[in-house]
Amino acid sequence: MSIPEVDTQLGKLKRSRRLKQGLALGLLVAVLVVTYFGLGFVNFEVDEIIDGFPNFVDFIAAFFPPNFEAMTIYTTDNGITGLEGIWASFSDPGRLAESLGSPRLSLVRAAVVTLLLGFLGTVLGFLPALLLGVLGSEQVTPFPFNFIFRGIMSAIRAIPAIVWIFLFVPFGPPSQATAVLAIATDTVGNLGRLFTDELEEIEEGPIEAIQSTGASRAQTVGFGMLSQVSRSYIAWTLYILEINTRIAISLGVVGAGGLGLYVRNQQDLFQFQNTAAGIIMIFVVVLSIELLSSRIRARLRPSEHEGKGFLQSLRDLASPGKWLGLDRDKGEKS
Amino acid sequence: MPAVTFDDVTKVYGEDTVALRDIDIEIGEGEFVILLGPSGAGKSTLLRVLNGLTQPTEGVVEINGEVPSGARKEVGMVFQEHYLVESMSAFQNALTGALARNGFFRSILTWQRTDDKRAALEALETVGLLEEAGQRAGSMSGGQKQRVGIARALVQQPSLLLADEPVASLDPKAARDVMGYMKQAAQERDLTAITSLHQVNIAREFGDRFLGIRDGEVVFDGDRDDLTMDVVDEIYYGEGADEGAVSTAGDVPPDPAERGGTADTPPAGSADPPATAEAAEAPDSPESVGGDGS
């Protein structure tokens, strides 16, 4: 039995499917064409990569074994090289303290500088980000005026921190101080945008409820809106702290100090084993911040926190699986 | 002086959507009034006009002899979906009822006066949640959340307590609890209360006075004894409902799942009229409803 309407509908579906397939094919061809000619445009020669690969392997081999001689002032002065530098440094807290307290070069101090650049940039950028982020939301500032604040954030965001540090040259050449300024500026653009987006998605109900109590406009923003997003704001700030730690390293490479500067200097001096030590330190610092931040952020997610006592949370902190996000509580939330 | 006076109040939305038509009622101090009527009848608009979130098109509303303008702290409001900030504790939510008494900086820095904190705890005590004061609102049951919503309204120290379908999304037991606490709070604090409800059996249990609203008009005004099932039919289905196929006795609307699966559906055979919004939106023509149900 054939129903004409069904046949018509079937034909329509077939045509629409063919159209979609055609579009997908066209898109794929476009991507391939741009990639092929693009590689030529930027002089990317696959042959060169292949030919250079043995050199690359030799080059990387020169990084081993990593030399942690510069770990602390103690290891530098006593010529303790290689991996022993780590043990010699951490076996005595006094040696760590000595390095932290001295302006002389040490990996320990460089790591702290890098961490502080990210931290201070995040802290200084937070309040302006909060202000612009809240004002950029249509919930708070009526359209189109909210776009003034969104525009400011977009403009800031368009320029990366590594360019901001050169725009701050009137305040001094790339240094730790201008790096903090550059990271803070970058934070305003990125964190502010996240704040705005978060505010656009809140529930209207509590806002109306707070209004109905006779609260002022500012109180309505504070208690009806920001109270709904406070946890996510903390979570986003931690996420930006993670990113800022990485930015601190790239700013270091252009002169802001810390681990980035150490790696670049050792590379320029062809001290590849020292470079390797610096890279391992970067790895440790970035991964630590990332793990810490992601664990705290997971704690801020209400569903995971619910029905869990303080002691349980402490036990979770001690569990390696939890840190790596391997084992998740199942059926915790009914 | 009556607590609330509606003097020929009409509210028109847009060009010609009449939500309220010549409402002319007085509500005495301390009365516990329940508004009954199908969805879209104008119950919510009546409440919104009272708490100042909506202005009447014609006529005057007076609360304690004054015309309200904008949201007022003298009018406490309980919402259908509780509207709590779920990340805050029950205590913090209740405390937001005191915002109008505090400056912005005092409240943002959580430097509320001890009196206000005490008021918040007392309000939570009134709704039986003093022990749960520190619990996060998001982790509470629907009934508990709604009781926190009542506490928040009480912290405003209102003279008039309004509630818009406060138990529509609760199961029958939780609904009774919530209404019980609300009634108790109103009695203890000498509040005038106006609540819209769909569950007629719960309404009968707690109300002193009932206003039936249909198509923006008050079609019934009486006490419990006057609220017979015929009257309820008339409020929900209009004049002549008893002549058609629709009879509230045993005529429970089609399928609970179709109506959003709310738990407050009366059991089949109970003498309740439709219990939920969608069901109450039954078409005006009794025949079509009868056809649906059969």
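No experiment lies behind these values; they were computed from the predicted model shown. Heavy atoms only: backbone and side chains are in, while hydrogens, waters and symmetry mates are out. So you know, we letter chains A, B, ... as the sequences are listed, proteins then strands, and number each from 1.
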Quiz item: Do B:Lys117's NZ or CZ and the ring of B:Phe91 fall within the cation-pi criteria of under 6.0 Å and 45°?
Solution: no
Self-check item: Other residues, nucleotides, ligands: >12 heavy atoms within 6.0 Å of A:Trp236 CH2
Solution: no
Exercise. Please look at A:Gln228 and chain B and tell me whether the side chain, the backbone, both or neither of the residue comes under 4.5 angstrom of a heavy atom of that chain.
Key: both
Practice problem: Check the angle between the aromatic planes of A:Phe168 and A:Phe171 and answer parallel, tilted or perpendicular using the 30° and 60° thresholds. | Solution: tilted
Quiz item: Is any NZ, NE, NH1 or NH2 atom of the basic residue among A:Glu208 and B:Arg48 found under 4.0 Å from an Asp or Glu carboxylate oxygen of the other?
Solution: yes
Quiz item: Which distance, rounded to the nearest 0.5 Å, do you find between the OG1 of B:Thr192 and the CG of B:Asn64?
Solution: 7.0 Å
Self-check item: Atom group of B:Val75 that falls short of 4.5 Å from chain A, counting heavy atoms
Solution: backbone
Quiz item: Is chain A contacted by the side chain of B:Arg101, its backbone, both, or neither, given a heavy-atom distance below 4.5 Å?
Solution: neither
Exercise. Identify whether NZ of Lys or CZ of Arg in B:Lys183 sits under 6.0 Å from the centre of the six-membered ring of B:Tyr181 and within 45° of that ring's axis.
Key: no
Quiz item: Counting a contact as any heavy-atom pair under 4.5 Å apart, which residues of residues 80-89 of chain B contact chain A?
Solution: B:Tyr83, B:Leu84, B:Val85, B:Ser87, B:Met88
Exercise. Please name the pair of heavy atoms, one in B:Val49 and one in B:Phe6, separated by the smallest distance, quoted to 0.1 Å.
Key: CG1-CE2, 4.4 Å
